Protein chains: 2
Amino acid sequence: MSNPIPTSPRGEPTREALVRAAIDVFGRDGFDAASTRAISDAAGVNQALIGYHFGGKPGLYLAALRFIATSVSTRLGPLVESIEARLAADGRARGKKVAAHSLAALQALLEAFVGMLASDESAAWARLILREQQSPSAGFDVLYDGFMHRILGAVSELVARAQDRGATAAECKLTAFTIIGQAVVFRAARAAVMREMQWRQLGAGELDGIRAQLRRNIAAIVQAEP
Amino acid sequence: MSNPIPTSPRGEPTREALVRAAIDVFGRDGFDAASTRAISDAAGVNQALIGYHFGGKPGLYLAALRFIATSVSTRLGPLVESIEARLAADGRARGKKVAAHSLAALQALLEAFVGMLASDESAAWARLILREQQSPSAGFDVLYDGFMHRILGAVSELVARAQDRGATAAECKLTAFTIIGQAVVFRAARAAVMREMQWRQLGAGELDGIRAQLRRNIAAIVQAEP
DNA sequence: GTCTATAGTCGGATAGAC
DNA sequence: GTCTATCCGACTATAGAC
């Protein structure tokens with residue numbers, strides 16, 4: 001059916017331009033409504049090249065999701081890796097000291113996360129991800145296995161150590177989602193945020209306020225008495 | 001251009017069937033990809049009736065958003081009204097007593113909110129709302145003015161009174177969004193939640209766990225020391 | 001590897017019978 | 001108010017020249 005992607009270096013710029021345009025157009029219009037013409041026009045290449053390079057529209061869609069997973073991993077990967085290394089080094093050790101640096105790491109990770117969600121470049125692929133969450137296609141696996149599972153695991157584990165009360169793994173995962181939700185809302189409900197806050201843009205100043213709020217909330221949640 | 005909606009009672013069942021089907025199909029496919037044929041088929045009526053009753057596809061879309069705003073208002077309106085009445089009765093009074101019942105009201109409102117977001121019936125229109133948030137059309141006003149602004153105002157005001165430390169209105173609004181985000185994530189990132197929690201459904205048991213988590217987090221956030 | 005041209009399908013809107 | 005029939009434009013995919 002859909003042939004493998006040709007790998008000749010000569011076509012690489014074309015493939016990358018198509019993928020970048022695809023993320024934008026698929027994110028804005030959804031898979032069905034997005035037209036291959038709109039994508040090829042935005043990429044500045046011929047429409048027939050989508051069939052040649054990706055086998056067709058679905059192949060280009062999957063390539064776009066893979067590109068997103070790689071982008072997120074590139075952006076958050078180093079921080080997540082350093083956290084995972086620290087988690088492994090601490091092993092089963094617990095106590096005030098572990099709790100303190102786990103909280104700090106949790107705050108740092110979510111500040112990086114919300115910074116990513118706030119950026120303009122993330123707008124297009126965030127739209128695609130939110131679509132996949134609402135109606136998962138076969139491509140959802142690319143996103144979940146590509147970065148979601150790993151980040152969720154790190155956040156849950158940090159919550160467990162920062163709280164240091166015998167919360168179950170399921171409870172920590174639930175806490176992780178409520179913490180992540182506090183960042184996600186600034187992308188998922190962006191239009192309402194901008195209108196209600198009467199912001200004209202979400203720039204550095206606004207992001208600082210959001211980050212301070214997140215730091216405070218995270219500390220309050222993990223330090224609260226059970 | 002698009003004539004006003006005919007108001008004859010004879011056509012009312014047709015209009016309602018079309019609006020209900022429209023919420024489902026528009027939510028699933030987006031405005032462009034949704035076909036009027038799919039909507040009329042799902043509604044069990046003739047495709048040409050969309051033109052007759054709503055002037056066309058855009059008219060039906062706006063009618064669907066209006067229906068959603070009314071549905072949410074019906075579901076959360078009474079609770080919000082009782083909260084607004086209490087806020088008005090308290091006036092400028094502050095202190096421990098006001099803080100305590102404001103916290104309780106905040107928790108109750110968010111439990112109702114997340115219950116709505118968890119319900120299957122809300123899935124379709126939640127999809128539509130998330131789409132509008134990501135790429136607001138002219139119809140976003142219908143949603144914002146219809147219920148968002150009012151609920152956000154109630155949550156912000158409850159946060160201000162439950163904290164009872166001189167936080168600015170902007171800070172309270174930001175806190176309100178982070179609190180609402182903790183509920184919204186269970187709709188916006190539903191696919192990731194189900195997979196990571198290894199849930200097969202989000203039923204009464206799972207919802208109880210989410211609500212307990214929200215209660216705890218909200219109390220921790222508003223009671224934390226500045 | 002990239003292009004033009006086109007075949008085949010499906011979309012929204014509407015005219016007109018009942 | 002509801003239906004059938006149809007126009008016309010836009011879409012994806014692909015054949016074939018360069």
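Just so it is clear: chains get the letters A, B, ... in the order the sequence lines come, proteins before strands, and each one is counted from 1. The structure displayed is predicted, hence computed values, not measured ones.
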What residue pairs, at least two apart or across chains, pass ring pair (Phe, Tyr, Trp, His ring centres under 6.0 Å) with a residue in residues 130-158 of chain A?
->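 For residues 130-158 of chain A: A:Tyr144-A:His149.
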Go along nucleotides 2-18 of chain C 5' to 3' and tag each nucleotide: B for a protein heavy atom under 4.0 Å from its base, S when only backbone or sugar atoms are that close, - otherwise.
-> BBB------BBBB----
Residues that A:Arg215 engages under side chain to side chain donor-acceptor pair (under 3.5 Å), provided they are two or more places apart |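 If we apply the side chain to side chain donor-acceptor pair (under 3.5 Å) test to A:Arg215, skipping adjacent residues, the hits are A:Glu111.
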Taking only residues two or more places apart in sequence, or in another chain, which ones meet A:Arg37 in a side chain to side chain donor-acceptor pair (under 3.5 Å)?
->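 Result, side chain to side chain donor-acceptor pair (under 3.5 Å) vs A:Arg37: none returned.
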Side chain to side chain contact (heavy atoms under 4.5 Å, CB included) partners of [X], counting only residues at least two apart:
X	value
A:Ala42	A:Ala21
B:Glu121	B:Arg75, B:Ser119
A:Asp141	A:Asp145, B:Arg195

For DNA chain D, what residues of residues 16-27 of chain B have any heavy atom nearer than 4.0 Å?
->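 Listed by number, there are none.
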Quick one: list whatever passes ring-ring contact (aromatic ring centres under 6.0 Å, His included) with B:Phe26, sequence neighbours left out.
->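 Partners of B:Phe26 by the ring-ring contact (aromatic ring centres under 6.0 Å, His included) criterion, ordered by chain and then number, come out as B:Phe31, B:Tyr61.
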